[in-house]
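The next block holds one structure in the form of C-alpha cells; read it before the comments.
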Amino acid sequence: MHSFFCRIAAASKVASRSALAVTVAALSLILTISTSNPAAAMNIQKIKTPGGIEAWLVEEHSVPMMALRYAFDGGSSQDPVGKEGVANFLTAMMDEGAGDLKSEDYQERMEELAMRMQYEDSKDAIYGSFETLSVNRDKAVELLKLSVQSPRFDTDAVVRIRQQLLANLAYADKDPDKVAQREWYAQAFAGHPYARSSNGTMTTVSSITHDDLAAYHKRTFARDNLKIVAVGDITPAELGKLVDDVFGGLPAKADLIPVTKTQPLTGGGQQVIEMGVPQSVAVFGLGAMPRKDPDFLTAFVVNHILGGGGFSAKLMEEVREKRGLAYSVYTYLQPYQHTSIMLGSVATKNSAMAESLDIIRKELKKMADEGPTADDLAAAKSYLTGSYALRFDTDLKIAAQLLGLMQEGFGPEYVENRNKLIDAVTLEDAKRVAARLLKPDNLIVTIVGKPLGLKSARPATVQPAMAVPGRG
C-alpha cells in the first residue's frame, strides 16, 4: 500500500511544488474546521455516469476545491515474472509526461494550475489521488485525463526514474526494517505473488523498459476494475461528466493475471538475516480472517488490545513499560484481496531480542487462552468508536476511507453502522475470536541484525502458501 506510503522521485517533485502544497493545505484546513464531525454529517451519494461508471460522491461546497481518489485492481501482484517492480515503476512515471506534453512541460503545467496528483501501488491495486481548486478544475482534469489515458514513458524519463528507484533499493537493502518486512512476505507466501517485493530487485528494475510500462498500463487501466470516490465542490452531474471524460476512454475490461486465494505458511518458522547493526528488528505475524468475515471487526478490537493500541496495548506494557526492552512494539491486521494477516514488529538491542520475542509469544498465548478483560474491552471500544471521526477530517481522507470500503465490497451505510458494530462486540465474542485468531505455533518471525541466542528454524509443519476457497 504503496506505496498508501517515500521515493526519491516523489520527494523531489513535492519539494518543487511547495507553493501548491501551501495553497491546497490551507483550503483543506478550512474544510476540516468547517466540518466538526464529518463521519456523522456525510451524505454519501452513489452515482452512475452516463457512460456507466459507478462512483461515490460527498458534496461539500463550502470550500472551492475537490479531491478524487481512485484505484485499479491489480497492483504488484500483476507484475510479470522477471519484471517485479513494474507496477511501482509505473506509479513514479505517471506525471513524467503525457499526451503531447513531455515531463518538464507537464509538471510546469501542474504547478500553474495548483493541482496535486499522485500515484502509489499496493499488492492489490494502483491508487491515484487528485486535488484541484474549483476555478482550475476543467484545465486540471485535462491533465489528469492525459495521465490516465496517455502516459508517455519517454526513454529519458524512464532512465532517470530507474536510477532513482535503484538508489532506493540500494538504501532499502541496508535498512533492517525494510529487509525484515520484505523477507517476512517471502517466507510466509513462498510461491505466491505476495511473496515478491513490490519494489522489485536491482536486476528486475534494471530490466524494465518503456514497453514493459506501456504493457502493464494497457492490461490494468480499464473500466471494469476501476473504483472512484470524489469529495468536495462538485455536483453529481459534474462528476458524471468528469469521470466519463477522464476514464471513459480506457478499455472496457482489464487483462489481469489470475491470482489465487492464499494463506501464510503454517507451523511457524524463524529466519535470522545477519546485518551489522546495533539493534535487531523482528517482523512477526500469522494468518487472520478475511475483511468480510463476521469476526473481522471483533479481531480488530482484540488486536487493538493486544498490540494496536499504542501505550495501552498489552505488548507495549509487557515489553517496554515493565521491562524496558524496546522503544516500540506493535501489531495490526492487514487484509488483502487474496489473504489476510496479523503482522507486528519489535526493535531492540541484539542481546534482548530473544527475551522480547519470548514475551510476545507468551502474550499471544495468554490472550488466546484467556481473552481480554472486561475493562480492556470497554477501553478499546471507547477509543475505537471515539477516534473514528478522525479518519474523515479532510476531503482526501474521506475519499481514501470510502474508496477502501468500495474495494472491500461494503456500501456507504458502513460508515454509519461501523461504530454500532464495534459497540456490539461482547466479552464472549472477544474471547472466542482471540482463540480463533491467535495461534502462537503458527507465528512466522523474520529477524534482521545479530540477535544473541537466535537462529533460523524451519517450521514444524512445512506448508507453502496455498489456495483457499471463498472471497476475502
Side-chain angles (χ1 to χ4, degrees), residues 37 39-40 42 44 263-264 266 284-319 321-322 329-336 339-344 359-392 401-402 404-405 407-443 468-472:
N37 189 359
M42 282 191 304
I44 305 167
Q263 59 186 9
T266 60
F284 55 91
L286 37 68
M289 52 282 294
R291 180 64 181 87
K292 296 200 80 172
D293 188 292
D295 284 339
F296 182 87
L297 265 187
T298 303
F300 181 71
V301 175
V302 169
N303 175 74
H304 181 86
I305 297 167
L306 176 68
F311 285 99
S312 67
K314 297 299 182 183
L315 293 182
M316 185 72 89
E317 178 183 355
E318 295 297 326
V319 175
E321 298 302 311
K322 288 185 178 180
V329 56
Y330 60 88
T331 60
Y332 59 94
L333 293 183
Q334 179 62 67
Y336 291 103
T339 196
S340 188
I341 58 175
M342 188 188 82
L343 207 61
I359 293 166
I360 289 167
R361 288 188 174 96
K362 287 179 179 177
E363 286 302 309
L364 263 65
K365 186 176 188 307
K366 180 179 179 182
M367 183 65 74
D369 290 346
E370 302 175 11
T373 67
D375 288 344
D376 290 336
L377 180 61
K381 289 163 61 172
S382 176
Y383 177 85
L384 292 172
T385 54
S387 64
Y388 190 50
L390 298 178
R391 300 187 185 186
F392 301 88
Q401 286 293 316
L402 297 183
L405 294 179
Q407 290 181 288
E408 291 161 351
F410 293 99
E413 67 281 355
Y414 180 89
V415 175
E416 181 178 351
N417 294 336
R418 183 264 196 185
N419 279 356
K420 299 174 186 176
L421 295 172
I422 287 182
D423 278 333
V425 173
T426 67
L427 190 60
E428 291 72 22
D429 292 332
K431 290 181 177 181
R432 174 181 56 79
V433 172
R436 178 186 172 193
L437 172 67
L438 303 173
K439 307 288 186 182
D441 289 344
N442 284 337
L443 199 67
V468 295
R471 178 171 178 81

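Computed from heavy atoms alone, side chains included, the values below leave out hydrogens, waters and symmetry copies.
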Work out which heavy atom in [X] is nearest to a heavy atom in [Y]; give both atom names and the distance.
X      : Y      : answer
Gly285 : Leu343 : CA-CD1, 4.0 Å
Ala288 : Leu437 : CB-CD1, 3.7 Å
Met289 : Phe296 : O-CD1, 3.5 Å
Asn442 : Leu286 : O-CB, 4.0 Å
Pro264 : Thr339 : CD-OG1, 4.0 Å

[X]: partners by side chain to side chain donor-acceptor pair (under 3.5 Å), with sequence neighbours left out:
X      : value
Glu318 : Lys322, Arg323
Lys439 : none
Lys366 : none
Thr426 : Asp429

Could you list all the side-chain hydrogen bond (donor to acceptor under 3.5 Å, both in side chains) pairs where at least one residue sits in residues 377-386, not counting sequence neighbours?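 Pairs touching residues 377-386 that pass the test: none.
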Scan residues 293-303 for pairs that pass side-chain hydrogen bond (donor to acceptor under 3.5 Å, both in side chains), counting only residues two or more places apart or in two chains.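 Passing the test, one end in residues 293-303: Asp293-Arg436, Asp295-Arg432, Asp295-Arg436, Asn303-Thr331.
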Any ring-ring contact (aromatic ring centres under 6.0 Å, His included) involving residues 407-437? Give me the pairs, sequence neighbours left out, ordered by first then second residue.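 Qualifying pairs, neighbours excluded: Phe410-Tyr414.
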When the side chains of residues 369-377 are checked against the rest of the protein, which donor-acceptor pairs come out under 3.5 Å, sequence neighbours left out?
from, atom 1, to, atom 2, distance (Å)
Asp369, OD2, Lys365, NZ, 2.7
Thr373, OG1, Asp376, N, 3.0
Thr373, OG1, Asp376, OD2, 3.0
Asp376, OD1, Lys314, NZ, 3.3
Asp376, OD2, Lys314, NZ, 3.1
Asp376, OD2, Thr373, N, 3.4

Nearest 0.5 angstrom please: Leu402 CG to Ile44 CD1, how far?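 Answer for the CG-CD1 pair, Leu402 versus Ile44, is 4.5 Å.
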Measure the CD-CD distance between Glu317 and Glu363 for me, rounded to the nearest 0.5 Å.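 If I round to the nearest 0.5 Å, the distance is 8.0 Å.
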side-chain contact (heavy atoms from CB on, under 4.5 Å) with [X]: which residues, sequence neighbours excluded?
X      : value
Arg391 : Phe300, Tyr388, Gln401, Arg418
Ala380 : Val301, His304, Ile305
Asp441 : none

Answer whether the closest heavy-atom distance between the side chains of Leu438 and Met342 falls below 4.5 Å.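 Yes, side chains in contact.
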Measuring only between side-chain heavy atoms, which start at C-beta, is Val425 closer than 4.5 Å to Val433?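 A side-chain contact is absent here, since even the closest heavy-atom pair is not under 4.5 Å.
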Which residues satisfy the ring pair (Phe, Tyr, Trp, His ring centres under 6.0 Å) test with Tyr332, sequence neighbours excluded?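 Ring pair (Phe, Tyr, Trp, His ring centres under 6.0 Å) list for Tyr332, sorted by chain: empty.
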